[in-house]
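Some notes on the structure that comes next.
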Amino acid sequence: MATVAVLMLGFFGFLVLRASSPQLAPLYTGLSLEDSSAITKQLQSMNMPFELRGDGDTIMIARDQITTVRMNLAGSGLPSHGQVGYEIFDQQNTLGATSFVQNINNVRALEGELSRTITSLARIKSARVHLVLPERQLFQRDKQSPTASIVLAVRGELSSGEIHAIQQLVASAVEGLTPSRVSIVDDAGQLLASGGGTEDGSVMQGQVDERTTGVENRLRTRIEDMLANVVGAGRARVQVNAELNLDRSTKTSETFDPNGQVVRSTQTRDLQNSAVGPGDAAVSVANQLPGATPSPGGTGTNEQGKTTEETTNYEVSKTTQVSTTDAGGIKKLSVAVVVDGLYTDDGKGNLTYAARTQADLDRIKALVQSAVGFDAARGDTIQIVNMQFAEKPQQTQLGTDGAGLFNFTRDDLVNGAQMLVTLLISLALIVFIMRPLLRRVLTPEAPPLALPPPTDMAMRSMVPADASMDMVAEGEEGGPNWMNNAKQLGEAQMQTIKTVGILVDENPKQAALIVRDWLNNNAA
């Protein structure tokens, strides 16, 4: 009973403490010391109980107050993640500020807002952004482009697509900034994006691996999903090697059709000539002098002519075709497929391996060619090989089904311990308290049993010892009669004791009442 009482007190004390103490949940995690200090001061002014954990970077409050407190803190600009946003212009008097201070505050506000936006991404814990916005000097024609550098604290590892998305995000928020001039470094000191390249419309070098890996993964997944329905899940392994064309080309061609001539214009010109010349005269020095009069004589000439010119302009049909080939197209594919064989059960749990036929392999190859868009003209190759896998189907299934079965977290262990303690206390209450009470309530009260009247043999057994000795002395004279009487007396006494014992075992309560009545009568 003492153990049960202690367990009951502990159980009810646990329930009272559990019900009275609020259930805490993290308000914010991964805070800087500046944000943690500002938030704790704000919570103290709100008279909100809180608890600090993890060297002050985690603040715990009541679970039902998280939403309200976060809204109030957001109205105060907390947490700021160590960055100042556009609220810097609300906290200063701009009347006496110089242009230099205003430019610095503008850069600080832009850096802070970009840091907050990047931190809102799921894979980013914290971010710091530094912008270089050069000003154009007087009498300077060339303008220097802005640059940006970002330091990220990440969860896990960022893919190239996520890195490029951050570059595009920052470049779109700053005027004149291009993604190629945004450098990114993680908190481990690894360079994620150099930021020193140029974009001329071609594929950036940082995206080559991403595109190649994306094409290979897409084709491999497509083939494995198709073969899983044919040869079974996990019974085929596929590797795809894709060679992409990273050159961007533009081709312009003009085609003239001589049979498609059309008269555009026609021009006709007629010329008539008429000339009369002198006759042949003697040639002398006098005739060649300036102002000399030709001497008469000779026969004159008369010339007439007619000329017709016609010009016809034709319009010849022309076709101009401009084709542009973007980078990233598949230049060549190499696909390797390993297919497991067939397994038959002999009825005793033993699997027998059998290789697939060449006809099955040909059908699988035809399916793979259709799935990847096989083109022999560009040099694509596909190899289908049938080999026995090291793991049998049952072993593979056991290995996949049992993965992660006992991966318990700390919260799971704590909840399991609480449930176990509660179950033990409940069983103790049921076994030691509820069960006896229910048994006593449900058992009906029976009337006291009436013992049978003692027989002569029993009365003789109650004779004092000295009287018995007298009877024995008298019986010695009687001989065999005394022996018979003693034997009968002993059998009757044993039968009576046995009957009383049976009645007491069957009805313990009634027997206790009878004994208690006897004791009371003797005491009276």
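Keep in mind it's a predicted model, so treat the numbers as computed, not measured.
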Could you give the distance from [atom1] ([X]) to [atom2] ([Y]), rounded to the nearest 0.5 Å?
X: Thr212; Y: Asn217; atom1: OG1; atom2: CG; answer: 10.5 Å
X: Leu73; Y: Ile59; atom1: CG; atom2: CD1; answer: 8.0 Å
X: Glu51; Y: Leu43; atom1: CD; atom2: CG; answer: 13.0 Å
X: His164; Y: Ser159; atom1: NE2; atom2: OG; answer: 11.5 Å
X: Lys332; Y: Thr381; atom1: NZ; atom2: OG1; answer: 6.0 Å
X: Leu169; Y: Glu162; atom1: CG; atom2: CD; answer: 13.0 Å

Flag the pair [X] / [Y] as yes when at least one side-chain heavy-atom distance between them is below 4.5 Å, and no otherwise.
X: Leu52; Y: Ser36; answer: yes
X: Arg378; Y: Ile330; answer: yes
X: Val174; Y: Leu133; answer: yes
X: Leu342; Y: Arg356; answer: yes
X: Thr58; Y: Met60; answer: yes
X: Val170; Y: Ile118; answer: yes

Give a yes or no on whether a salt bridge exists between Arg363 and Asp360, defined as a side-chain N under 4.0 angstrom from a carboxylate O.
-> yes
Would Arg116 and Glu113 pass as an ion pair if we require N to O under 4.0 Å?
-> yes
Return each pair, listed once, that meets ring-ring contact (aromatic ring centres under 6.0 Å, His included) where at least one residue sits in residues 335-368; pairs must be two or more places apart or across chains.
-> Tyr343-Tyr353
Given Val231 and Ile364, is the side chain to side chain contact (heavy atoms under 4.5 Å, CB included) satisfied, shown in steps?
-> CA-CA 10 Å; Val231 300; Ile364 293 175; 4.2 Å; yes
Side chain [X], main chain [Y], donor-acceptor under 3.5 Å:
X: Asn245; Y: Lys331; answer: no
X: Arg128; Y: Leu152; answer: no
X: Thr68; Y: Gln65; answer: no
X: Gln167; Y: Val182; answer: yes
X: Arg123; Y: Glu157; answer: yes
X: Arg222; Y: Val372; answer: no
X: Ser120; Y: Thr117; answer: yes
X: Gln267; Y: Thr311; answer: no

Looking only at non-hydrogen atoms, find the nearest pair between [X] and [Y] and report the distance.
X: Leu131; Y: Ala148; answer: CD2-CB, 3.5 Å
X: Ile382; Y: Gln369; answer: CD1-CG, 3.4 Å
X: Leu191; Y: Ala193; answer: CD1-O, 3.3 Å
X: Ile61; Y: Pro49; answer: CG2-O, 3.9 Å
X: Ile384; Y: Val368; answer: CD1-CG2, 4.3 Å
X: Ile166; Y: Ile150; answer: CG2-CD1, 4.0 Å

Taking atom CD of Gln144 as the centre, does the number of heavy atoms from other residues, nucleotides or ligands within less than 6.0 Å exceed 12?
-> no
Met46 atom CE: more than 12 heavy-atom contacts under 6.0 Å = yes
Report the C-alpha distance between Val107 and Glu111 in whole Å, list the side-chain angles of each, state the deciding distance to 0.1 Å, and finish with yes or no for side chain to side chain contact (heavy atoms under 4.5 Å, CB included).
-> CA-CA 6 Å; Val107 175; Glu111 290 176 351; 3.5 Å; yes
Output, in order, the C-alpha distance, side-chain angles, deciding distance and verdict of side chain to side chain contact (heavy atoms under 4.5 Å, CB included) for Ile124 and Val154.
-> CA-CA 5 Å; Ile124 307 300; Val154 299; 3.8 Å; yes
